[in-house]
Amino acid sequence: MDAIDCLAKKVPFLWLNDHLEKTGPALSGISLGLPDMRDAQARLCRFAPLIMELFPDETGTSGGLIESELVRAPRLGDYLLQGAGPVLIKKDHDLPVAGSVKARGGIYEVLCLAEQLAEKNGHLNPGDNYTRLLEDEVKELFSHYTISVGSTGNLGLSIGIMGAALGFKVDIHMSHEARQWKKERLRKRGVNVVEHQADYSSAVAAGRADAANDPFNFFVDDENSIQLFLGYSVAAFRLKVQLDNLGIEVSEKRPLFVYLPCGIGGAPGGITFGLKQLFGDAVHCFFAEPTEAPCMTLGLVTGKHADISVYDIGLEVRTNADGLAVARPSGFVGKLIAPLLSGALTINDHDMLKYVYAAHQLEGMSIEPSAAAGFAGPKLTLGHDFSRHFEDITHILWTTGGRYVPEEEHRHVLEKGKILFAAEHNN
Ligand SMILES: *Cc1c(COP(=O)(O)O)cnc(C)c1O
């Protein structure tokens, strides 16, 4: 079966990217670079005192940095790989404030807008403490502006929570799969949630159209935003420090294999870009998508990027992984990462639910189904010829959402996952 057949027939598989290039030449062909990442990192540091003031319970101990832990996951490693190679988890499901990987890109984009408006209106000068932005006159300024975005749930949460906290009006256009609790969480903070009975691309189009004729309305463009992308890329700086602290060597002989759940591609794309900047050929990134919505893989395999959708090959995007329920990938990200990505894998809903249960049972973590998409990765890559070239691989599962999932909802998923987990053990 070729790759397109696997995608059309929903057969889970690992696709290896034959357009992968050496990192050096690949990066030199991209207009963004390390200085852009450093600029984003510096901006997040400038905002840290303000974030700490706004969210003291969640970010007080980290000094206003929104970051997650990197931990060893020996029990999960045994289960997934029978101990063949260390497995670590980058716990972005636990990111404060937004509870998902979107806390990196979405919040960063709101901060960019706030900084730009405040500077333009004389409320921010070089060297100022950014807590100045919480003063009444600045809030009054922000209250004249609306931020709009289309979302399957988590991007809306990150942008809505940060936007509202700074005093912006926020319109979130939610696609049909968005979970009810995410909408309620936003409405409680005064965010305007517009519910669409259509898919993610349609919700994005609605937001874009709303904002088009209003100079006071900023549309956050998940399909094309460079700010979002750079916000995600900063994760690489943080991961490097964490790997150093754990004493983990990263080299071409001892590479990192990183498994990143992928929807439209911004989050895993930005993280991949950042990791390749810092680790070069010593890191191999793999995107993970539901068999029901493998939009980025389809775009890469066909070379058509945003000009093809999973509907075109007969799929319907029926998945529990709401964060990944996207039919058409970002063309901007697809083209940019095409020479940097080592491969992509697909996983069905049953396996994601089973892994949500495994994560809870073996490592005590509460994650949403989307966040488990990468768990199929280590076994798939290890079973492939190319991994024989490496002596020792460190596998990193990037868990992308879950911190604020209500207990009741999580229990529901765990019940389904438990049955699938048990069935596997009885075979
Ligand atoms: C959005 C999301 C992703 C993927 O991010 P994209 O930028 O859409 O590719 C992964 N996991 C979760 C939980 C998400 O909400």
Side-chain angles (χ1 to χ4, degrees), residues 68 90-95 98-109 149-160 172 174-175 177-179 181-182 199-201 203-204 220-233 235 258-274 285-290 293-300 305-306 317 319-334 336-337 341 344 347 352 355-356 359 365-375 397-405 410 413:
S68 70
K90 178 59 180 161
K91 298 173 99 177
D92 271 10
H93 70 279
D94 205 26
L95 279 174
S100 80
V101 68
K102 302 294 193 311
R104 298 187 182 280
I107 288 176
Y108 178 70
E109 173 124 20
V149 68
S151 174
T152 65
N154 285 335
L155 186 62
L157 271 183
S158 80
I159 286 177
I172 307 290
M174 289 287 199
S175 57
E177 57 272 301
R179 313 298 304 166
W181 70 265
K182 294 182 184 174
D199 77 351
Y200 171 70
S201 304
V204 171
V220 176
D221 190 346
D222 198 15
E223 289 168 346
N224 300 295
S225 171
I226 289 172
Q227 313 293 11
L228 274 176
F229 189 81
L230 289 173
Y232 291 124
S233 75
V258 184
Y259 307 96
L260 297 150
C262 175
I264 199 163
I271 293 168
T272 295
F273 171 76
C285 296
F286 299 88
F287 287 2
E289 296 186 292
C295 65
M296 183 58 81
T297 309
L298 179 64
L300 287 164
H305 300 293
V317 192
T319 175
N320 285 296
D322 47 300
L324 314 180
V326 179
R328 191 185 294 278
S330 161
F332 151 64
V333 174
L336 194 151
I337 52 100
L341 192 68
I347 176 170
M352 279 188 270
Y355 291 139
V356 169
M365 306 178 350
S366 298
I367 61 175
E368 55 182 89
S370 300
F375 284 32
L397 308 172
W398 210 286
T399 52
T400 47
R403 176 165 176 149
Y404 301 107
V405 175
H410 188 232
V413 176

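Whatever order the structure lists them in is the order used to number ligands and atoms, beginning at 1. Just so you know, these numbers come straight off a predicted model, no measurement behind them. Throughout, numbering of the chain's residues begins at 1 and tracks the sequence.
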Hey, is [X] touching ligand 1 through its side chain, its backbone, both or neither, going by heavy atoms under 4.0 Å?
X	answer
L324	side chain
N154	side chain
S370	side chain

Close approach, C262 and ligand 1, non-hydrogen under 4.0 angstrom: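 Yes, that is the case, since the closest heavy atom of the residue is under 4.0 Å from the ligand.
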Closest heavy-atom pair and its distance - W398, A235: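 Closest approach of W398 to A235, heavy atoms only: CZ2-CB, 3.9 Å.
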Would a distance-only check, ignoring hydrogens and angles, find a side-chain to backbone donor-acceptor pair under 3.5 Å from [X] to [Y]?
X	Y	value
S225	D222	no
T319	A325	no
E289	T297	yes

Contact (N/O only, under 3.5 Å) between P268 and ligand 1: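 No, no N or O pair falls under 3.5 Å.
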Proximal candidate to atom 4 (C) of ligand 1 [heavy atom criterion; set G106, G263, G156]: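 Shortest heavy-atom distance from atom 4 (C) of ligand 1: G263.
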So if I count the atoms of ligand 1 from 1 in the order they appear, which ones are less than 4.0 Å from some heavy atom of [X]?
X	answer
G323	1 (C), 2 (C), 3 (C), 14 (C), 15 (O)
G266	6 (P), 7 (O), 9 (O)
P261	4 (C), 10 (C)

In the protein, what heavy atom is nearest to [atom], and what distance, to one decimal place, separates them?
atom	answer
atom 12 (C) of ligand 1	T400 OG1, 3.4 Å
atom 1 (C) of ligand 1	K102 NZ, 1.2 Å
atom 7 (O) of ligand 1	A267 N, 2.8 Å
atom 8 (O) of ligand 1	I264 N, 3.0 Å

Pair S175, E177: side-chain N/O donor-acceptor within cut-off below 3.5 Å: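 Yes - a donor-acceptor pair under 3.5 Å links their side chains.
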Side-chain H-bond candidate by donor/acceptor type, S68 with D94, under 3.5 Å: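 There is no such pair between these side chains.
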Aromatic ring pairing F229/F273, orientation class (parallel under 30°, perpendicular over 60°, tilted between):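 Ring orientation, 0 to 90° scale: tilted.
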Any L324 side-chain heavy atom under 4.5 Å of T400 side chain: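 Counting from C-beta outward, L324 and T400 never come under 4.5 Å.
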Test log, rule side chain to side chain contact (heavy atoms under 4.5 Å, CB included), inputs I347 and Y355: CA-CA 11 Å; I347 176 170; Y355 291 139; 3.8 Å; yes
